[in-house]
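Worksheet for the structure shown next.
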Amino acid sequence: KQEVTQIPAALSVPEGENLVLNCSFTDSAIYNLQWFRQDPGKGLTSLLLIQSSQREQTSGRLNASLDKSSGRSTLYIAASQPGDSATYLCAIYGGSQGNLIFGKGTKLSVKP
Amino acid sequence: DAGVTQSPTHLIKTRGQQVTLRCSPISGHKSVSWYQQVLGQGPQFIFQYYEKEERGRGNFPDRFSARQFPNYSSELNVNALLLGDSALYLCASSPWVNTEAFFGQGTRLTVV
């Protein structure tokens, strides 16, 4: 059974710091991996999609990498800002029914 | 372009009642999926529909049902509501299965 784990569960950093969020999955047979941002009580905002044939994707201050062989993905956020405070969710397209399988998320707090 | 729209945004129901949640996908998207997210957890897969056919179903009781209409919009129905059904219900649309998913803002269901 495919499982997705995100470490750490919560992270608090001062503004301007570079940080890394981690995501691991148990079965390397995945299609794609997607990172989302969720603000309290809101829906999910797509940040980056990494297709199974890709190793990384970049968007602005965000960079996500994918290593299928080791079952890991990282989301790197450069020069963090208070507006980056949110929960970050990692999800893989690996369900037998074409569904997304999510981790529990990392709650990020960036202090001014 | 309009994103994924869900209605209503919030509702309160009494135990034993029935509820219908609605989702309109992004124009041109043929796949709609439903997820349940309880506080502090990642979203859990409920249903996926593609081209009006059910493609997958998560580990939810038969009280949960869904359908997709010819215009690709979708409804999620939950019968005999329990307190444990209180959650944020998220709808996601994508062009087809295993492609990038875009989420709506969710429907917050409270069962009292």
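FYI, side chains are in, hydrogens and waters are out, and symmetry mates aren't considered; it's all heavy atoms of this structure. Order of the sequence lines sets the chain letters (A, B, ...), proteins ahead of strands, with each chain counted from 1.
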When you look at [atom1] of [X], are more than 12 heavy atoms from neighbouring residues, nucleotides or ligands closer to it than 6.0 Å?
{"X": "A:Lys104", "atom1": "NZ", "result": "no"}
{"X": "A:Lys111", "atom1": "NZ", "result": "no"}
{"X": "B:Gln44", "atom1": "CD", "result": "no"}
{"X": "B:Asn59", "atom1": "CG", "result": "no"}
{"X": "B:Arg15", "atom1": "CZ", "result": "no"}

Taking a hydrophobic cluster as the set of Ile, Leu, Val, Met, Phe, Trp and Tyr residues connected by side-chain heavy atoms closer than 4.5 Å, whether directly or through intermediates, do [X] and [Y] fall within one such cluster?
{"X": "B:Tyr50", "Y": "B:Leu76", "value": "no"}
{"X": "A:Tyr76", "Y": "A:Leu11", "value": "no"}
{"X": "A:Tyr88", "Y": "A:Leu19", "value": "yes"}
{"X": "B:Val32", "Y": "B:Phe45", "value": "no"}
{"X": "B:Leu21", "Y": "B:Ile26", "value": "no"}

What are the two closest non-hydrogen atoms of [X] and [Y], and how far apart are they?
{"X": "B:Arg108", "Y": "A:Gly41", "value": "NH2-CA, 4.1 Å"}
{"X": "A:Ser46", "Y": "B:Ala101", "value": "CB-O, 4.3 Å"}
{"X": "A:Leu89", "Y": "B:Pro43", "value": "CD1-CD, 4.3 Å"}

Interchain contact, B:Thr99 with chain A, by part (heavy-atom threshold 4.5 Å): backbone
B:Gln37 portion near chain A, given a 4.5 angstrom heavy-atom threshold: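 For B:Gln37, the contact with chain A is made by the side chain alone.
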A:Phe102 and B:Tyr35 aromatic centres sub-6.0 Å: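 So the answer is yes for these two rings.
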Inter-residue atom distance A:Lys42.NZ - B:Gln105.CD, 0.5 Å rounding: 6.0 Å
Interatomic distance, A:Leu44 atom CG to B:Cys91 atom SG [nearest 0.5 angstrom]: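 One gets 11.5 Å once the value is rounded to the nearest 0.5 Å.
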Residues in residues 78-90 of chain B near chain A [non-hydrogen atoms, under 4.5 Å]: B:Leu88, B:Leu90
Full working for side chain to side chain contact (heavy atoms under 4.5 Å, CB included) between A:Thr45 and B:Phe102: CA-CA 7 Å; A:Thr45 300; B:Phe102 298 88; over 6 Å; no
Part of A:Gln6 lying under 4.5 Å from any heavy atom of chain B: neither
Any B:Trp34 side-chain heavy atom under 4.5 Å of A:Asn99 side chain: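 In short, these two side chains do not touch, never coming nearer than 4.5 Å.
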